[in-house]
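The block underneath contains the structure these notes are about, expressed in structure tokens.
The figures that follow rest on heavy atoms only: side chains count, while hydrogens, waters and symmetry mates do not. Bear in mind that the values here come from a model prediction, so they are computed numbers and not experimental data.
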Amino acid sequence: MVTESKIIQHPERAVPQEAANILQEGLVAHIGFTVMDRPHVIPVSYFYELSKPDRIYIHGGKTSRLMQHLASGAQVCVEVTLLDGLIYSRSAKYHSMNYRSMVCFGRGSAVDLIEEKAEILKKAIERYFPGRQEGKDYQKAPVEHLAATTLVEIRIEEWSAKAREGGPRGPMDADPGAEGTCGILLTALA
């Protein structure tokens with residue numbers, strides 16, 4: 001079972017019930033880990049499905065420092081952010097953004113069974129490219145490719161989710177006669 005992390009800065013923005021949905025909707029995760037006392041953060045694609053809410057799957061090359069670290073069982077941090085809008089204010093201090101984000105902590109282990117690896121990687125392709133079909137739109141991964149790929153299952157132990165929504169909140173933003181401008185720039189995927 002996943003436990004909830006306590007949010008310190010802006011605890012009123014906590015949305016723990018949204019953590020799984022943010023993981024489901026996100027496209028890029030940032031993995032934080034430490035090797036030889038040196039911190040690293042690497043952006044990755046990932047596979048996540050609501051039917052297994054305590055697991056994230058990452059794949060990469062066998063010689064990758066990230067993949068070797070993840071497969072070792074060492075603790076890692078995973079972060080996903082969905083940017084919903086950029087907020088501009090009449091005051092420099094109150095420029096912000098609307099977002100939904102989640103951070104989780106867990107430990108990884110290698111998925112070694114070729115059949116399991118093939119199935120998860122097929123589902124990952126379907127997640128990023130809905131409608132593409134193995135055998136029709138692309139060739140099924142041969143055993144040699146699967147053997148050369150590391151797939152890691154990260155078991156989520158703890159997570160938190162946070163969101164900001166709404167418009168500018170500066171002291172002059174509600175006054176239409178005040179100097180300057182304020183509003184929201186909505187973001188969208190291209």
Atom of Tyr48, atom of Ile56 and distance for their closest heavy-atom approach: CD1-CG1, 4.1 Å
Interatomic distance, Glu49 atom CD to Leu23 atom CG [nearest 0.5 angstrom]: 12.0 Å
Spacing of OG belonging to Ser89 relative to CD1 belonging to Ile184, to within rounding of 0.5 Å: 11.5 Å
Residue Glu165 excluded, over 12 heavy atoms near CD under 6.0 Å: no
Spacing of Arg55 atom CZ and Phe47 atom CZ [to the nearest 0.5 Å]: 11.5 Å
Leu146 vs Leu121 side-chain heavy atoms within contact, under 4.5 Å: yes
Atom CD of Glu12: over 12 foreign heavy atoms under 6.0 Å: yes
Transitive ILVMFWY side-chain link Val35 to Val41, under 4.5 Å: no
Closest contact, heavy atoms only, Ser101 versus Ile22: O-CD1, 3.6 Å
Audit row: Glu158, Ser5, side chain to side chain donor-acceptor pair (under 3.5 Å) steps and yes/no: CA-CA 6 Å; Glu158 182 179 345; Ser5 300; 2.7 Å; yes
Verdict with supporting geometry, Ile120 and Glu116, side chain to side chain contact (heavy atoms under 4.5 Å, CB included): CA-CA 6 Å; Ile120 291 168; Glu116 184 180 5; 3.9 Å; yes
Reported NE2-to-SG distance for the pair His95 and Cys182, which is rounded to 0.5 angstrom: 9.5 Å
Validation row: Val152, His59 side chains within 4.5 angstrom (heavy atoms): no
Student check: side-chain heavy atoms of Leu50 and Asn21 closer than 4.5 Å: yes
Spacing of CD belonging to Gln133 relative to NZ belonging to Lys122, to within rounding of 0.5 Å: 9.0 Å
Test ring pair (Phe, Tyr, Trp, His ring centres under 6.0 Å) applied to Phe33 - qualifying residues, sequence neighbours left out: His40, His69
Summary of salt bridge (charged side-chain N to carboxylate O under 4.0 Å, His left out) pairs that have at least one residue in residues 56-72, sequence neighbours excluded: none
Single-linkage hydrophobic cluster, 4.5 Å side-chain cutoff, Met102 and Ile7 together: no
Within 6.0 angstrom of Gln17 CD, more than 12 heavy atoms from elsewhere: yes
Evaluation steps, side chain to side chain contact (heavy atoms under 4.5 Å, CB included), between Val76 and Ile154: CA-CA 9 Å; Val76 297; Ile154 298 173; 4.2 Å; yes
Ser96 side chain near Tyr88 side chain, heavy-atom distance below 4.5 Å: no
Nearest atoms (heavy-atom pairs only) where Trp159 meets Cys104: CB-CB, 3.6 Å
Apart from Phe105 itself, residues in the same hydrophobic cluster as defined by side-chain heavy atoms under 4.5 Å: Val103
Check ion pair Glu157-Arg107 (N to O, under 4.0 angstrom): yes
Nearest non-hydrogen partners of Met67 and Ile58, listed with the distance: CE-O, 3.4 Å
Any donor-acceptor pair under 3.5 Å from Arg90 side chain to Gly180 backbone: yes
Leu83 side chain near Met97 side chain, heavy-atom distance below 4.5 Å: yes
Side chain Tyr128, main chain Ser45, donor-acceptor under 3.5 Å: no
Closest non-hydrogen atom pair, Lys162 against Gln9: NZ-O, 2.7 Å
Heavy-atom side-chain proximity of Arg164 to Arg169 below 4.5 angstrom: yes
Rounded distance [0.5 Å steps], CG in Leu151 versus CD in Glu119: 11.5 Å
Same apolar cluster: Ile31 and Leu82, side chain cutoff 4.5 Å: yes
Same apolar cluster: Ile156 and Val15, side chain cutoff 4.5 Å: no
Side-chain donor/acceptor of Ser64 to backbone N/O of Gly60, under 3.5 Å: no
Closest non-hydrogen atom pair, Gly166 against Asn98: O-ND2, 2.9 Å
Trace of the side chain to side chain donor-acceptor pair (under 3.5 Å) decision for Tyr57 with Glu153: CA-CA 5 Å; Tyr57 295 90; Glu153 174 186 88; 2.7 Å; yes
Salt-bridge contact Arg100-Glu18 (side-chain N to carboxylate O under 4.0 Å): no
